[in-house]
Colleague: 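Handing you a structure now.
This structure is a prediction, so every number in the text was calculated from the model and none was measured.
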Amino acid sequence: MGWAIALHGGAGDIPVTLAEERRAPREATLRRCLSLGVAALKANQAPLDVVELVVRELENCPHFNAGKGSVLTTKGTVEMEACIMDGNTKNCGAVSGVSTVVNPISLARVIMEKTPHIYLGFDGAEAFAREQGVEVVETSHFITQENVERLKQAKGANRVQIDYTQPISAVNGDSQIGTVGCVAVDGAGNLAAATSTGGLVNKMVGRIGDTPVVGAGTYANHLCAVSATGKGEFIIRATVARDVAAVMEYKGLSLKEAATYVIDSVPKGNAGLVAVSTNGEVAMPYNTTGMFRACATEDGYSEVGIWDTEVENNFVDNSKS
């Protein structure tokens with residue numbers, strides 16, 4: 001048993017040819033956030049504090065589909081979602097449809113700790129954020145030029161887009177951003193999970209995805225903590241996050257076996273997750289082309305990746321030939 005942490009920056013159709021100027025800042029952010037989380041765990045901060053801290057940092061990065069980098073609805077607006085959960089108590093908080101809250105994950109935690117409810121959305125959530133002094137800004141803070149262009153592409157193709165959907169006209173990486181999440185366990189086996197997103201490009205106004213749905217996009221109990229990413233409708237149908245815990249409990253599988261089993265049950269190209277178990281195991285399966293991800297464990301293991309090593313190596317070999 002020992003501490004462990006895993007985080008993701010979204011799963012999807014990430015091309016192995018992703019331009020270095022698009023890839024590098026995302027990998028750098030994952031490394032920085034991983035280091036931040038590891039330092040917090042080593043300083044004996046509670047896993048709940050650690051996952052909130054890491055997801056806040058990811059929300060503040062415009063390269064990912066959460067907070068500052070949130071994608072746009074069909075009306076060109078931002079509607080952000082987040083969820084946080086403590087494994088020991090199963091206390092949780094969730095929020096949907098916020099457009100001015102700088103860090104939706106922190107609002108989700110305030111909902112968990114300061115209301116009798118689990119989930120608030122839209123105008124009620126916005127009003128509560130202001131009552132509690134949660135940081136808010138003008139909606140223009142969240143609207144980036146990249147996401148304006150991405151919405152135009154999606155509208156032109158008359159479709160909604162999962163994280164990392166390729167641009168219609170060219171593979172230039174402009175649409176390469178993704179949902180964020182973090183899971184952590186400390187040396188005593190305490191677990192927590194947190195996930196935050198802007199949803200799908202060109203989604204209907206009012207659409208709610210898997211991220212804030214406890215048991216779908218986010219879950220933690222005494223066995224594991226899970227944060228999922230991908231196409232929300234598929235993740236909700238499969239109750240992905242809760243199923244990892246259920247398969248561990250009722251089938252007696254290890255974390256890696258359970259996580260792989262659950263992701264394999266989702267139609268290919270639609271989901272990925274990061275998870276940690278109470279004894280410090282880490283799992284990061286996905287059935288998409290790639291998933292921005294990172295993890296570290298107390299025994300010294302550390303990883304930052306996007307694709308399967310075999311896929312990346314094949315591309316390098318082919319590009320040389």
Colleague: Look only at the side chain of Ser277 and the backbone of Leu223, and say whether a donor-acceptor pair between them is shorter than 3.5 Å.
Modeller: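 Checking the backbone N and O of Leu223 against the side chain of Ser277, no donor-acceptor pair under 3.5 Å is found.
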Colleague: Looking only at heavy atoms, what is the nearest atom pair of Leu18 and Trp307, with distance?
Modeller: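 Nearest heavy atoms, Leu18 then Trp307: CB-CZ2, 4.4 Å.
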Colleague: Determine yes or no for a side-chain-to-main-chain donor-acceptor pair under 3.5 angstrom, with Lys68 supplying the side chain and His141 the backbone.
Modeller: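 Yes: the side chain of Lys68 pairs with the backbone of His141.
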Colleague: Inspect the contact between Lys203 and Glu233 and indicate whether a charged nitrogen and a carboxylate oxygen are less than 4.0 angstrom apart.
Modeller: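 No.
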Colleague: Okay, side chain of Glu59, backbone of Ser196: is any donor-acceptor separation there less than 3.5 Å?
Modeller: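 Side chain of Glu59 to backbone of Ser196: no pair is present.
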Colleague: How about Lys251 and Glu257: do any of their side-chain heavy atoms sit closer than 4.5 Å?
Modeller: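 Lys251 does not reach Glu257 side chain to side chain.
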Colleague: Charged N to carboxylate O under 4.0 angstrom, Arg109 versus Asp49?
Modeller: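 Between Asp49 and Arg109 there is a salt bridge, with a charged N closer than 4.0 Å to a carboxylate O.
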Colleague: Show your working on side chain to side chain contact (heavy atoms under 4.5 Å, CB included) between Leu48 and Met112 and close with a plain yes or no.
Modeller: CA-CA 12 Å; Leu48 195 67; Met112 178 182 79; 3.5 Å; yes
Colleague: Determine whether Phe128 and Val98 fall in the same hydrophobic cluster, where Ile, Leu, Val, Met, Phe, Trp and Tyr are linked whenever their side-chain heavy atoms lie under 4.5 Å apart.
Modeller: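 Phe128 and Val98: one cluster.
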Colleague: Run Cys182 and Ile5 through side chain to side chain contact (heavy atoms under 4.5 Å, CB included) and show every step you take.
Modeller: CA-CA 7 Å; Cys182 181; Ile5 183 171; 3.9 Å; yes
Colleague: Compare all side-chain heavy atoms of Leu200 with those of Lys231 and state whether any distance is below 4.5 angstrom.
Modeller: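 They are in side-chain contact.
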Colleague: Any side-chain heavy atom of Glu79 sitting closer than 4.5 Å to one from Ile208?
Modeller: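 No - every pair of side-chain heavy atoms lies 4.5 Å or more apart.
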Colleague: Between Leu255 and Ala283, which heavy-atom pair has the shortest distance, and what is it?
Modeller: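 For Leu255 and Ala283, the tightest heavy-atom pair comes out as CD2-N, 3.8 Å.
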Colleague: Compare every heavy atom of Leu72 with every heavy atom of Val78, then report the nearest pair and how far apart it is.
Modeller: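 Here Val78 and Leu72 meet closest at CG2-CD2, 3.6 Å.
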Colleague: Run the side chain to side chain contact (heavy atoms under 4.5 Å, CB included) check on Val71 and Leu151 step by step: do they pass?
Modeller: CA-CA 8 Å; Val71 297; Leu151 177 61; over 6 Å; no
Colleague: Could you see if Val274 belongs to whatever hydrophobic cluster contains Phe292? Use Ile, Leu, Val, Met, Phe, Trp, Tyr and a side-chain cutoff under 4.5 Å.
Modeller: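 Val274 and Phe292: separate clusters.
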Colleague: When rounded to the nearest 0.5 angstrom, what distance separates CD in Glu57 from OG1 in Thr29?
Modeller: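 If I round to the nearest 0.5 Å, the distance is 9.5 Å.
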Colleague: Do Asn44 and Trp3 touch side chain to side chain, with heavy atoms closer than 4.5 Å?
Modeller: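 They are not in side-chain contact.
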Colleague: Kindly give the heavy-atom pair with the smallest separation between Ile111 and Val95, and that separation in Å.
Modeller: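 Heavy-atom minimum between the residues: CD1-CB, 4.0 Å.
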Colleague: Step by step, work out the side chain to side chain donor-acceptor pair (under 3.5 Å) result for Thr218 and Thr195.
Modeller: CA-CA 6 Å; Thr218 311; Thr195 316; 2.9 Å; yes
Colleague: Do Glu146 and Arg150 sit within salt-bridge range, that is, some charged N less than 4.0 Å from a carboxylate O?
Modeller: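 Between Arg150 and Glu146 there is no salt bridge, as every charged N stays at least 4.0 Å from the carboxylate O atoms.
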Colleague: Search all heavy atoms of Ser96 against all heavy atoms of Ala125 and return the closest pair with its distance.
Modeller: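 Taking Ser96 first and Ala125 second, the nearest heavy atoms are O-CB, 4.4 Å.
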Colleague: Is the backbone N or O of Ser106 less than 3.5 Å from a side-chain atom of Asn103, with the two atoms forming a donor-acceptor pair by type?
Modeller: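 Such a contact is absent between Asn103 side chain and Ser106 backbone.
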Colleague: Do you see a donor-acceptor pair shorter than 3.5 Å between the side chains of Ser99 and Thr139?
Modeller: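 The answer is no; no qualifying pair exists.
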Colleague: For the OG1 atom of Thr197 and the CG atom of Asp210, what is their distance to the nearest 0.5 Å?
Modeller: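 Reported to 0.5 Å precision, the distance equals 7.5 Å.
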Colleague: What are the two closest heavy atoms between Pro212 and Tyr119, and how far apart are they?
Modeller: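 Closest pair (atom of Pro212, atom of Tyr119, distance): CG-OH, 3.1 Å.
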Colleague: For the OG1 atom of Thr179 and the NE2 atom of His8, what is their distance to the nearest 0.5 Å?
Modeller: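 These two atoms lie 7.0 Å from each other.
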Colleague: Does Val137 reach the side chain of Phe142, with side-chain heavy atoms less than 4.5 Å apart?
Modeller: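 Yes, side chains in contact.
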Colleague: Kindly indicate, with the supporting measurements, whether the criterion side chain to side chain contact (heavy atoms under 4.5 Å, CB included) is fulfilled by Val276 and Leu191.
Modeller: CA-CA 8 Å; Val276 293; Leu191 292 146; 3.8 Å; yes
Colleague: Between atom SG of Cys92 and atom NE2 of His117, what is the distance when rounded to the nearest 0.5 Å?
Modeller: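 The distance works out to 13.5 Å.
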Colleague: Around atom CG of Asp299, are there more than 12 heavy atoms from other residues, nucleotides or ligands closer than 6.0 Å?
Modeller: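 Result for CG/Asp299: enclosed.
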Colleague: Can you confirm whether Tyr261 is buried at OH, in the sense that more than 12 heavy atoms of other residues, nucleotides or ligands lie under 6.0 Å from that atom?
Modeller: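 Count not over threshold, so no.
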Colleague: Nearest 0.5 Å please: distance from the CG atom of Leu120 over to the CD atom of Glu126.
Modeller: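 One finds 11.0 Å between CG of Leu120 and CD of Glu126.
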Colleague: Main chain of Ala193, side chain of Ser227: is a donor-acceptor contact present, judged purely on distance under 3.5 Å?
Modeller: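 Side chain of Ser227 to backbone of Ala193, a donor-acceptor pair under 3.5 Å: no, none is there.
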Colleague: Look at the side chain of Asn287 and the backbone N and O of Val266, then say whether any donor-acceptor pair between them is shorter than 3.5 Å.
Modeller: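 Pair found, side chain donor or acceptor close to backbone of Val266.
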Colleague: Verify whether one side chain among Thr100 and Arg130 offers a donor that lies under 3.5 Å from an acceptor in the other.
Modeller: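 There is such a pair between these side chains.
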Colleague: Within the side chain of Asn65, is there an N or O that forms a donor-acceptor pair under 3.5 Å with the backbone of Gly198?
Modeller: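 Present.
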Colleague: Is the closest basic N to carboxylate O distance between Glu149 and Lys152 below 4.0 Å?
Modeller: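 Salt bridge present between Glu149 and Lys152.
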Colleague: Tell me whether Arg26 contacts the main-chain N or O of His63 through its side chain, where contact means a donor paired with an acceptor under 3.5 Å.
Modeller: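 Here the side-chain-to-backbone pair exists.
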Colleague: Are Met248 and Leu273 in one and the same hydrophobic cluster, where Ile, Leu, Val, Met, Phe, Trp and Tyr link if side-chain heavy atoms are under 4.5 Å apart?
Modeller: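 Yes, because Met248 and Leu273 connect within a single hydrophobic cluster, where side-chain heavy atoms sit under 4.5 Å apart.
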Colleague: Could you check whether any side-chain N or O of Arg293 sits under 3.5 Å from a backbone N or O of Ile306, counting only pairs where one atom can act as donor and the other as acceptor?
Modeller: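 The answer is yes, because a donor-acceptor pair under 3.5 Å joins these two groups.
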Colleague: Is the closest side-chain donor-acceptor distance between Asn91 and Asp86 under 3.5 Å?
Modeller: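 There is no such pair between these side chains.
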Colleague: Measuring from atom NZ of Lys114 to atom CD of Glu131, what distance do you get when rounded to the nearest 0.5 angstrom?
Modeller: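 Here the interatomic distance stands at 11.5 Å.
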Colleague: Is it true that a side-chain atom of Thr239 and a backbone atom of Asp243 form a donor plus acceptor pair closer than 3.5 Å?
Modeller: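 No, Thr239 side chain to Asp243 backbone: no donor-acceptor pair under 3.5 Å.
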Colleague: Is there a path of hydrophobic side-chain contacts, each under 4.5 Å between heavy atoms, that joins Val185 and Leu41?
Modeller: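 No, Val185 and Leu41 fall in different hydrophobic clusters.
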Colleague: Using the rule that Ile, Leu, Val, Met, Phe, Trp and Tyr join whenever any side-chain heavy atoms are under 4.5 Å apart, tell me whether Val38 and Leu30 fall into a single cluster.
Modeller: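 Yes; Leu30 is reachable from Val38 via cluster members.
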